[in-house]
Amino acid sequence: MSNRPYDPHAIEEKWQAAWDAEGLYSVTEDPDKPKKYILEMFPYPSGDIHMGHVRNYSIGDVVARYWTMRGRNVLHPIGWDAFGLPAENAAIKSSTHPAEWTYANIDKQAASFKRMGFSYDWDRTVKSCDVDYYRWGQWIFLKFWERGLVERKKSAVNWCPGCKTVLANEQVIGDGVCWRCKSVVEKRDLEQWYFKITDYAQELLDDLDTLTGWPERVKTMQANWIGRSEGAEVDFELCNASGEPGGETITVFTTRPDTLFGCSFFLLAPEHPLVSTLTEGTAHADAVQAVVRATARETAVERASGEAEKLGAFTGRYVINPVNGEKVPVWVSNYVLMEYGTGAVMAVPCGDERDFEFARKYGLPIPPVVLAADDPLLSELGTVADRVMDDVPWDEAFAGDGVMVQSGAFTGMAGGKDSEGMRAVTEWLASEGRGRFSVNFRLRDWLISRQRYWGNPIPAIHCPVCGLVPVPEDQLPVVLPKDVDITKGETLADHPEFYETTCPACGGAARRETDTMDTFTCSSWYYFRYCDARNDEALFSRENADYWMPVDQYIGGIEHAILHLLYSRFFTKVFADMGLTAAREPFTNLLTQGMVKKDGETMSKSKGNVVAPEDMIARYGADALRAFILFMAPPDKDLDWNQDGLEGMYRFLNRVWRYVEDVAGGGATPVDASDDPARALLRERHRVAGKVTEDIERFSFNTALSAMMELLNAATDYHRTVDDDARDGALEREVAEVLTLLIAPYAPHMAEELWREVLGHPGSVHREAWVTFDEALAAADEVEIVVQVNGKVRGKVVVAADADEATVREAALNVPRVAEQIEGLTVRKVVVVPGKLVSVVAG
RNA sequence: GCGGGCGUGGCGGAACUGGCAGACGCGCUGGAUUUAGGUUCCAGUGGGGAAACUCGUGGAGGUUCGAGUCCUCUCGCCCGCACCA
């Protein structure tokens, strides 16, 4: 056999073309074959691929190829999340059209993905900016509207000055900055479109428990984000300007109705609509307005941090506490958020740290109503139902579980969250018609409209007569016009040809909606579309969705822990309720891959520390790059890029190549393995095959690769140390085949070349069945036992693998070093761990 | 403040359910081949010690015949959430 050098570039180009021509990775639905849907988050076509892409898609490719070899019908698609702001920014900068920029980038990225040898079914590719794709996004919008899940309302929304558009709550991250451009987000009062994701809040929370294949971290983040609180709504009657009960009520949400007797003031958010109504023209107006203005000046960062000083002003008005009829003063304060609950709060300073701080600052009473079991006040107040004490000798509030005091008929009951007292007070309120059990969520509805051009047009029409009218289904799609001059910053709102229309209901002149949809709406359903990507009759067929969905393995970045993953879960649940799919959850298993860094920092053009994957491919080939990035670290951990290691992986591939070339000709005789070195190699072959299989299934690609290195080391040692005429050629060839099969998911091009051209098989290695292994052959017939005396290793002894305990014990005690150590001592205990060690306790 | 994660050689990492800590790779040292270097191959490579041994998984305790792994406390770093009533 003539030994050719390993030439990754020639091999990779050759097989990429061949696979394309053979349609090797095209997949069709086959009800007789068990399916696996392996999916990586589709990329935004930002230009050149980066190492994060290489890592993400290499992980997915190994998993996809592995399951194909395991006989599954594998769906492994790719596409582009192609609407979005970077295209507009690039267009403004370089005077190209966003479409031109986007499609050019997609072509570039697709070429890179092909050079990486990823096993995608290219026939199912989607691009979210294609009309054939986004028309279905519009269709979904209409269906959501029909189901009452679309709403247009005015409220205080997040405005990103950098992106010049509004953002959903989920898209404001960290300290109140835009997820995309990191500008500090501002609040604006605007009328916007929403998807009512809050209708699904409970189910989105509950079903997290069913996602056993998701990282705890992601589930915790989603649960926190949804933020369910149990408590009660309590109605307070508002007094009129002269302080008399006036009939109007203000409702608050509280998790602690048991503390209602300790409510010594009442708070409104500065943005609350009642604030100006109550104070306008009164002596309190100036002080209240000062608080309102000061709050408006606070940035989101300051307000959210909890560090902003608590400001307040009395409105001059009172409410009636429903449990005791007391008049409670109404204040305005910046620590009350309009977005949460009702924008109004009953303040109980003895039981809430914030209320306590506020009460101390403004000299408001702090009557104790729940006392800790060991509180000295308890002996004095334990059975006192009436208010006798109006302040506490404490430095901070007591928010824990305790005993209710000064609480009328409820005195003596257990107080706290989800307590006897909490339920009793709420039931009493309910019987009086002044309150009710209630659940409150932190999750807000999803603001989906964007004041940008490069997105999916919202299919709605504003008619001066009929109001909001959906675009009729048969008039879809609303095509995004090409001739908007984006370089001048134009949007659809600057384009009369687009927005001038007629009302579908009354036929009169009307204005088309000019906002586009959040790009996250496009990415919330693409995995359904892959099931039936070329269907032009429907979003997808139920049959195909039932075959493929849910996605068995989803792979992507942790940055979407809430955003994309929450939205997609929401869409799937609505689809299920629409009868489009049986799946109520889109992604059965989730792997969140770590970031690829350089010298501890994220790679970025501005830092000038970007390592270009294309350069690495050019030097070492795609196979070495793929295998190396998986070898560097477990997939969910961040990794720091290191060029030297890549060279090491290239060396390893070269060694595999040479070994297979060297031994490929040894196939004529059956495997004999009758002598010790051959048996040892055969054992290693079975052990490693088992380990690599196990490791792939638990995403331990780094240890899978190191096991392959061990097999190669054992094989080359055998080849080198055993004489030519004593070597088991059939065994060597088998090891070569096993190695080729095991490495195929990682280095698909090299494996294919070795399999077909060197080992001489007619078909693709990637259609071959996965390596089998035999536990019995992997087991050694002799094992080395470690002997410990008083916890320290004192000797080793080789015994038969199936030796009984007494034999092992005997052998261990007879090891010279061991016998020496225990001489003159009493052996008190001997622990025998079969196959591992013997521990002797002597003294 | 609450929730989650992580601390192992010069570096990346391994040790899955408590059982020889440091697999595998990088780097380094020495050697062989070629010799111009590189490639390739062999040997070595946690610290201390000539050796027997001994010390070693952020730190301090504990459980156990035996702890990187379990428990308690503690230090450091990272991430998420946070005036959510």
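Convention: sequence-line order gives letters A, B, ...; per-chain numbering from 1. Any value given below was found using the heavy atoms of this structure, including those in side chains, with hydrogens, waters and symmetry copies removed.
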Legend entry - Interatomic distance, Tyr659(A) OH vs rC41(B) P [rounded to whole Å]: 14 Å

Legend entry - rU29(B) to rG13(B) separation - P atoms, rounded to the nearest Å: 24 Å

Legend entry - Closest contact, heavy atoms only, Thr342(A) versus Val252(A): OG1-CA, 3.6 Å

Legend entry - Nearest-angstrom distance from the residue atom CG of Asn169(A) to C1' of rC84(B): 12 Å

Inset, instruction - Answer yes or no: is there an ion pair linking Lys691(A) with Glu694(A), defined by an N-O contact shorter than 4.0 Å? - result: no

Inset, instruction - Determine the Euclidean distance between corresponding P atoms of rC20(B) and rU69(B); express it in Å to zero decimal places. - result: 13 Å

Inset, instruction - Using the C1' atom as the reference point in each nucleotide, state the distance between rC2(B) and rC71(B) in Å, no decimals. - result: 23 Å

Legend entry - Nearest-nucleotide 5' precedence on RNA chain B, Asn790(A) against Lys637(A): Lys637(A)

Legend entry - Nucleotide rG1(B), atom C1' - distance to CG of Asn224(A) in whole Å: 14 Å

Inset, instruction - Mind calculating the distance between CG (Leu639(A)) and P (rC78(B)) to the nearest angstrom? - result: 19 Å

Inset, instruction - Could you tell me whether Arg828(A) contacts a base, only the sugar-phosphate backbone, or nothing, with contacts defined as non-hydrogen atoms closer than 4.0 Å? - result: nothing

Legend entry - Arg228(A) side-chain N/O to rC84(B) phosphate OP1/OP2 under 4.0 Å: no

Inset, instruction - Please give the nucleotide sitting opposite rG30(B) as a Watson-Crick or G-U wobble pair, both distances under 3.5 Å, or none. - result: rC42(B)

Inset, instruction - Rounded to whole angstrom, note down the P distance from rG46(B) over to rA51(B). - result: 14 Å

Inset, instruction - Calculate the interatomic distance between Glu170(A) atom CD and rC81(B) atom P; express it in whole Å. - result: 11 Å

Inset, instruction - Tell me the partner of rC53(B), counting only Watson-Crick (N1-N3 plus N6-O4 or O6-N4) or G-U wobble (N1-O2 and O6-N3) with both under 3.5 Å; none if nothing fits. - result: rG48(B)

Legend entry - Pairwise P distance, rG27(B) and rG12(B) [rounded to whole Å]: 15 Å

Inset, instruction - Assign Arg217(A) to base, sugar-phosphate, or nothing according to its heavy-atom contacts below 4.0 angstrom with the strands shown. - result: sugar-phosphate

Legend entry - Chi class for rG49(B): syn within 90° of 0, otherwise anti: anti

Inset, instruction - Look at Arg687(A) together with Glu710(A) and state whether they make a salt bridge at an N to O cut-off of under 4.0 Å. - result: yes

Inset, instruction - Describe the nucleic acid contact of Lys792(A) in one word from base, sugar-phosphate, nothing, applying a heavy-atom distance below 4.0 Å. - result: sugar-phosphate

Legend entry - Rounded interatomic separation in angstrom, taking CG from Asp638(A) and P from rC77(B): 18 Å

Legend entry - N or O in side chain of Arg442(A) less than 4.0 angstrom from rA82(B) OP1/OP2: yes

Legend entry - Electrostatic pair Lys219(A):Asp209(A) at N-O distance under 4.0 angstrom: no

Inset, instruction - Step through it carefully: locate the ring centre of Trp641(A), locate the ring centre of Phe628(A), and say whether they are under 6.0 Å apart. - result: yes

Inset, instruction - Give none if rC6(B) has no partner; otherwise give the nucleotide forming a Watson-Crick or G-U wobble pair with it, both distances under 3.5 Å. - result: rG76(B)

Inset, instruction - Taking only the side-chain nitrogens and oxygens of Arg809(A), find out if one of them lies under 4.0 Å from OP1 or OP2 of rC65(B). - result: no

Legend entry - N/O (side chain, Arg720(A)) to phosphate O (OP1/OP2, rC42(B)) under 4.0 Å: yes

Legend entry - Pairwise C1' distance for rC11(B) and rG66(B), with rounding to whole Å: 31 Å

Inset, instruction - With P as the reference atom in both, quote the distance from rU74(B) to rG68(B) in angstrom, rounded to an integer. - result: 22 Å

Inset, instruction - Describe the nucleic acid contact of Arg817(A) in one word from base, sugar-phosphate, nothing, applying a heavy-atom distance below 4.0 Å. - result: sugar-phosphate

Inset, instruction - Sugar-phosphate atoms are those with a prime plus P, OP1 and OP2; base atoms are the rest. Using that split, label each nucleotide of nucleotides 16-36 of chain B B, S or - for protein heavy atoms under 4.0 Å, 5' to 3'. - result: B--BB--BBSSS---------

Legend entry - Whichever of Gly791(A) and Met632(A) has its nearest RNA chain B nucleotide further upstream toward 5': Met632(A)

Inset, instruction - Calculate the interatomic distance between Phe701(A) atom CZ and rG12(B) atom C1'; express it in whole Å. - result: 18 Å

Inset, instruction - Take atom P in rC70(B) and the same atom in rC16(B), then report the distance between them in whole Å. - result: 11 Å

Inset, instruction - Starting at CD1 of Ile366(A), measure out to CZ of Arg360(A) and round the result to the nearest 0.5 Å. - result: 4.0 Å

Inset, instruction - May I have the distance from Glu216(A) (atom CD) to rC6(B) (atom P), rounded to whole angstrom? - result: 13 Å

Inset, instruction - Indicate, with yes or no, if the rings of Phe358(A) and Phe265(A) have centres closer together than 6.0 Å. - result: yes

Inset, instruction - Report yes if the distance between the aromatic ring centroids of Trp331(A) and Tyr362(A) is under 6.0 Å, otherwise no. - result: yes

Inset, instruction - Tell me, yes or no, whether the heavy-atom count around Lys836(A) atom NZ, taken from other residues, nucleotides or ligands under 6.0 Å, exceeds 12. - result: no

Legend entry - Partner nucleotide of rA36(B) by Watson-Crick or wobble geometry (both distances under 3.5 Å): none

